[in-house]
Amino acid sequence: MRGIRWVAAAVVGAAAATALTGCGAGSWCSPLEPGPSVTAEYAPTVKRLEALPGVVVVTARYWQPDDSHCVSREYLETAAWSADFTVRVRAGFTLEQVRSVRAALGPSTATVRAPAGHDLAAWELDLANPSGATPAPSAAPLTVDERGFRLVTAAAALPDVTVAQQGASTTVRVRTPSSLPAAAAWLRAHLDGDDPSSVYVGTAKTWTTYVSVTGSSPVSETTVETAARVAAADPDVRRFSVSGSLVTAVVPTERQAKAVVAAFEATPVDADGQRVSVWWPDGNGTEVSGTVGSAAARRVG
């Protein structure tokens, strides 16, 4: 069944101010709830999206540009509202259908979410409209939409992938650690170094392992292989994050923590100052730490 619901923007930071006359310097304002006039303003967009072939359900988040931190509560009473849509579609959604969503959005933004099917894993594509202008029906689709669609659907066709996502960054989730190196290599081959991308191990909704592939803090193929070995050898590893600046994890025992640290100390360093820190038995427990590549450097020396 098609439908729409609004989700008020979350309060960010400290306690919300109570007075309408203003928020003190450095304080936080409670967001307003979108009223009937806001939902009515975006109702035509909702109807256009719901009417598109292949669309299952449309949801919306309404927000004000300054609803998380503001000069005064009074300012929010007259501040403009914007909408971010989530458009859930059927498996097999095509590029032409994505273009139809883009045209129906006008100045708004949306995430198109498709389930697994037709030999593809689930995928998500963020549609942006940097200019804020409503595209004319005859206008060419934004390049990011076409490139993003081709990238995300190609990634969703890789073996062992559970979901591929493309937005401000590109992420691929794989079911098993053994698929980490192949997925990382694929992302490197299809993205330049400035475009951030990551590989996760997990299901479509949860993950246990994160590895930075491209962008500001990437790791080498060797480090990816180490991460894959660690994740495969120790299924209990949690919050396992691997980047060019820091490797972190949480494991149940001190022995496991020392083993993870030793594995990365034996791996060549990706960047100066790259550290490895592992906690046990939880994220507030005892820390075991070291320097990535320190044992490898001693062997070379």
* Using the six-membered ring wherever Trp is involved, compare the ring planes of Y42 and Y62 and label them parallel, tilted or perpendicular (cut-offs 30° and 60°). =>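 It falls in the tilted class, 30° to 60°.
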* To do: Indicate the ring-plane relationship of F93 and W123, choosing parallel, tilted or perpendicular according to the 30° and 60° boundaries.
  =>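 Tilted, since the angle between the ring planes falls between 30° and 60°.
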* Apply the test salt bridge (Lys or Arg N to Asp or Glu O under 4.0 Å) to residues K47 and E50: give CA-CA distance (whole Å), side-chain angles for both, the deciding distance (0.1 Å), then the verdict. => CA-CA 5 Å; K47 291 181 179 179; E50 289 179 334; over 6 Å; no
Separation between [atom1] of [X] and [atom2] of [Y], rounded to the nearest 0.5 Å:
X	Y	atom1	atom2	result
D84	R61	CG	CZ	5.5 Å
T209	L180	OG1	CG	6.5 Å
E41	S82	CD	OG	8.5 Å
T208	F240	OG1	CZ	9.0 Å
H118	T153	NE2	OG1	13.0 Å
R90	Q97	CZ	CD	9.5 Å

Find out if a path of hydrophobic residues (ILVMFWY) with successive side-chain heavy-atom gaps under 4.5 Å connects [X] to [Y].
X	Y	answer
V98	L105	yes
V89	L151	no
V260	W280	yes
L158	Y210	no
V211	V163	no

Between [X] and [Y]: side-chain donor-acceptor atoms closer than 3.5 Å:
X	Y	answer
S220	T223	yes
S277	E287	yes
T214	D195	no
S289	R275	yes

Taking all heavy atoms of [X] and all of [Y], pick out the closest pair and write down the distance.
X	Y	value
R173	W207	NH2-CD1, 4.0 Å
A164	A156	CB-N, 3.9 Å
T291	S294	O-OG, 3.0 Å
P181	E225	CG-CG, 4.3 Å
S198	L187	O-CD1, 3.7 Å
P268	T222	CD-CG2, 3.9 Å

Tell me whether [X] contacts the main-chain N or O of [Y] through its side chain, where contact means a donor paired with an acceptor under 3.5 Å.
X	Y	answer
Q274	S243	yes
R88	V56	no
S217	S245	yes
R188	D192	no

* Asked: Going through the checks in order, is the side-chain contact (heavy atoms from CB on, under 4.5 Å) test met by Q256 and D236?
  -> CA-CA 9 Å; Q256 290 168 308; D236 291 327; 3.7 Å; yes
* Asked: Which residue, V87, L125, T86, forms the side-chain contact (heavy atoms from CB on, under 4.5 Å) with R113?
  ->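 When side-chain contact (heavy atoms from CB on, under 4.5 Å) is applied between R113 and each of V87, L125, T86, only T86 qualifies.
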* Asked: Within a radius of less than 6.0 Å around CG of D119, do more than 12 heavy atoms belonging to other residues, nucleotides or ligands occur?
  ->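 Count not over threshold, so no.
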* Asked: Got more than 12 heavy atoms from elsewhere within 6.0 Å of CD, E221?
  ->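 Result for CD/E221: open.
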* Do R255 and K258 pass the side-chain contact (heavy atoms from CB on, under 4.5 Å) test, and can you show the C-alpha distance, the side-chain angles, and the key distance before you say yes or no? -> CA-CA 5 Å; R255 179 189 62 79; K258 289 181 177 179; 6.0 Å; no
* To do: Check the pair V46 / F85 against side-chain contact (heavy atoms from CB on, under 4.5 Å), numbers first and verdict last.
  => CA-CA 9 Å; V46 173; F85 294 95; 3.8 Å; yes
* Report the C-alpha distance between V58 and T45 in whole Å, list the side-chain angles of each, state the deciding distance to 0.1 Å, and finish with yes or no for side-chain contact (heavy atoms from CB on, under 4.5 Å). => CA-CA 10 Å; V58 179; T45 302; over 6 Å; no
* To do: Using a 4.5 Å cut-off on heavy atoms from C-beta on, say whether the side chain of E146 contacts that of L95.
  =>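 Touching, per the 4.5 Å side-chain cut-off.
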